[in-house]
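Before we start, here is the structure in question, set down as structure tokens.
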Number of protein chains: 2
Amino acid sequence: MKCVTEKSEDKIREAAKRVFLKKGFDGTTSRDIAKEADMNIALTNYYFRSKEKLFLEIFKDVLEEYFQNMLTILNKDIDIKQKISEIIDNDFAMMKKEPDLVIFIMNEIHKSPQRLFPDMSIFRQVRETYLKKQLEEGAANGTLRPMQLENILPLIKCGVEFIFMGKEIHKELFMMTDEDFERYAEEQKEHIKAMVCNYLVIG
Amino acid sequence: MKCVTEKSEDKIREAAKRVFLKKGFDGTTSRDIAKEADMNIALTNYYFRSKEKLFLEIFKDVLEEYFQNMLTILNKDIDIKQKISEIIDNDFAMMKKEPDLVIFIMNEIHKSPQRLFPDMSIFRQVRETYLKKQLEEGAANGTLRPMQLENILPLIKCGVEFIFMGKEIHKELFMMTDEDFERYAEEQKEHIKAMVCNYLVIG
DNA sequence: ATAAATTTTAAACAACCATTTAAAATATTC
DNA sequence: GAATATTTTAAATGGTTGTTTAAAATTTAT
């Protein structure tokens, strides 16, 4: 029955996502995935044609997961300070929930960019977001420093994502326990919010 | 002769660094390294005992390379605004010269932190840098916002490293060519300098 | 020049890799 | 309930992996 089919296929998909995120494409074997899904190895190639095809499907989902929540916030009709705060809070929550996601995306794209960009309509959606209009209006009426979306967006996102991507090295470098890092990350989050808002918003 | 010995060993070391940086530990085979060094496969295990041991040696060097220049600047007796500017310029130059270095370090540590931290005296050196004293003095006499080294340092570094680590995704997301990205990165560098200085330095 | 030490080589090792096969088990359709 | 279609299995494929071996080539020391 269709119900059963989807169950096995989804079990593999979910297991593959977990393993790929944790170990990367090169570090993951088909056997790893089968074991994580508690299924026979041959099934990964029965449902998906190859490790590569399975990976590409997973990667597309993961990339959309990365952008989707942010996109919703970017299009909200709210004050720009509030918007920056919400994006950062959302990023923060994402990094805590899925600590492997961003470094996984960055690393896989860095290693082989050409193979990982299907027609991602989400990219266009990000480019055409309502925040872009807010920036233009703010620059025009002098309330905001004139900046393009592509300049401000990385400034908003880099702070939180950087310290979480490098969580272990930051812990080691500054001799922090996990609890220390927890507090530290919260501090840092507020610094980033204040710093970016101070820079963008005039007066 | 010793001269010849060092030549082969160093050839392997340099080849291994290039390949590891580009493909990561999991993506690199002993044969890749031997081929890059133009030597017999068995030699990689003759000079270094295993792929793992060779990797650990390379990784230690790479991590020190990452911190060394920054450390020198951190200890300079110069104005703090100038210092921030120099750190960012230095980071920028490093990302252009070695585009794989930071994402490599981040990813390898993220995947297996415990195995990659030998006694790194450079970590202590970073913690005890002269910038720390400058921050304390500036906070005491009211010229600087009170911040710890561990809070300000990532803010200084994350901007440049983030956009270079994610160079390909930024190019794709904002439809930039390599030349576009070149200009964009320069813009971004100046934004980061201004933003961080404005935040840290009072008045 | 000869013996000893070092470096390089080709070949092989068992283990593991992604993927395929064909038969077995199960579910679906008539 | 028998025929058909789908799903799962164990086993095998050929190729690659990290590493080792033992002999050959080269360098060093006597």
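A, B, ... follow the sequence lines: proteins, then strands. Residue 1 opens every chain. All values reported here derive from a predicted model rather than from experimental measurement.
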CD1 of Ile12(A) versus C1' of dT9(D): gap in Å, rounded?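 It is 13 Å, rounded to the nearest whole Å.
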
Any cation-pi pair here, Lys51(B) with Phe25(B), using under 6.0 Å and within 45°?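 Verdict for Phe25(B): a cation-pi partner in Lys51(B).
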
Do any side-chain atoms of residues 70-80 of chain A form donor-acceptor pairs under 3.5 angstrom with protein atoms, and if so which ones, sequence neighbours left out?
| residue | atom | partner | partner atom | Å |
| --- | --- | --- | --- | --- |
| Thr72(A) | OG1 | Gln68(A) | O | 3.2 |
| Asn75(A) | OD1 | Thr129(A) | OG1 | 2.9 |
| Asn75(A) | OD1 | Tyr130(A) | N | 2.8 |
| Asn75(A) | ND2 | Leu71(A) | O | 3.4 |
| Lys76(A) | NZ | Glu86(A) | OE1 | 2.7 |
| Asp77(A) | OD1 | Tyr130(A) | OH | 3.2 |
| Asp79(A) | OD2 | Lys81(A) | N | 3.1 |
| Asp79(A) | OD2 | Gln82(A) | N | 3.4 |

Once you round it to whole Å, what is the distance between P of dG18(D) and NZ of Lys23(B)?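 Checked: the NZ to P distance equals 11 Å.
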
Using whole Å, report how far CZ of Phe55(B) lies from P of dT19(D).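 It is 13 Å, rounded to the nearest whole Å.
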
What is the separation between atom CD on Glu9(B) and atom C1' on dT6(C), rounded to the nearest whole Å?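 About 13 Å, once rounded to whole Å.
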
5' to 3', nucleotides 14-20 of chain C under a 4.0 Å protein heavy-atom cut-off (B base, S sugar-phosphate only, - none) gives ---BBBB

Nearest-angstrom distance from the residue atom CG of Leu43(B) to P of dT19(D):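 One finds 14 Å between P of dT19(D) and CG of Leu43(B), rounded.
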
Considering only residues two or more places apart or on different chains, which pairs with a residue in residues 168-179 of chain A satisfy salt bridge (charged side-chain N to carboxylate O under 4.0 Å, His left out)?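 Found Lys167(A)-Asp178(A), Glu168(A)-Lys171(A), Lys171(A)-Asp178(A).
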
Calculate the interatomic distance between Lys7(A) atom NZ and dT8(D) atom P; express it in whole Å.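 Value for this atom pair: 11 Å.
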
What integer distance in Å separates Asp26(A):CG from dT16(D):P?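 Those two atoms, CG and P, are 16 Å apart.
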
What side-chain hydrogen bond (donor to acceptor under 3.5 Å, both in side chains) pairs are there with at least one residue in residues 37-46 of chain B, not counting sequence neighbours?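 Output for this query is empty, none listed.
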
Would you please name every residue forming a side-chain hydrogen bond (donor to acceptor under 3.5 Å, both in side chains) with Glu52(A), sequence neighbours left out?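 For Glu52(A), the residues satisfying side-chain hydrogen bond (donor to acceptor under 3.5 Å, both in side chains) (neighbours in sequence not counted) are Arg115(A).
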
Can I get a per-line list of side-chain donor-acceptor pairs under 3.5 Å for residues 149-165 of chain B, giving both atom names and the distance, sequence neighbours left out?
| residue | atom | partner | partner atom | Å |
| --- | --- | --- | --- | --- |
| Asn151(B) | ND2 | Glu187(A) | OE1 | 3.2 |
| Asn151(B) | ND2 | Gln188(A) | OE1 | 2.8 |
| Lys157(B) | NZ | Asp91(B) | OD1 | 2.9 |
| Lys157(B) | NZ | Glu161(B) | OE2 | 3.3 |
| Glu161(B) | OE1 | Tyr66(B) | OH | 3.0 |
| Glu161(B) | OE2 | Tyr66(B) | OH | 3.1 |

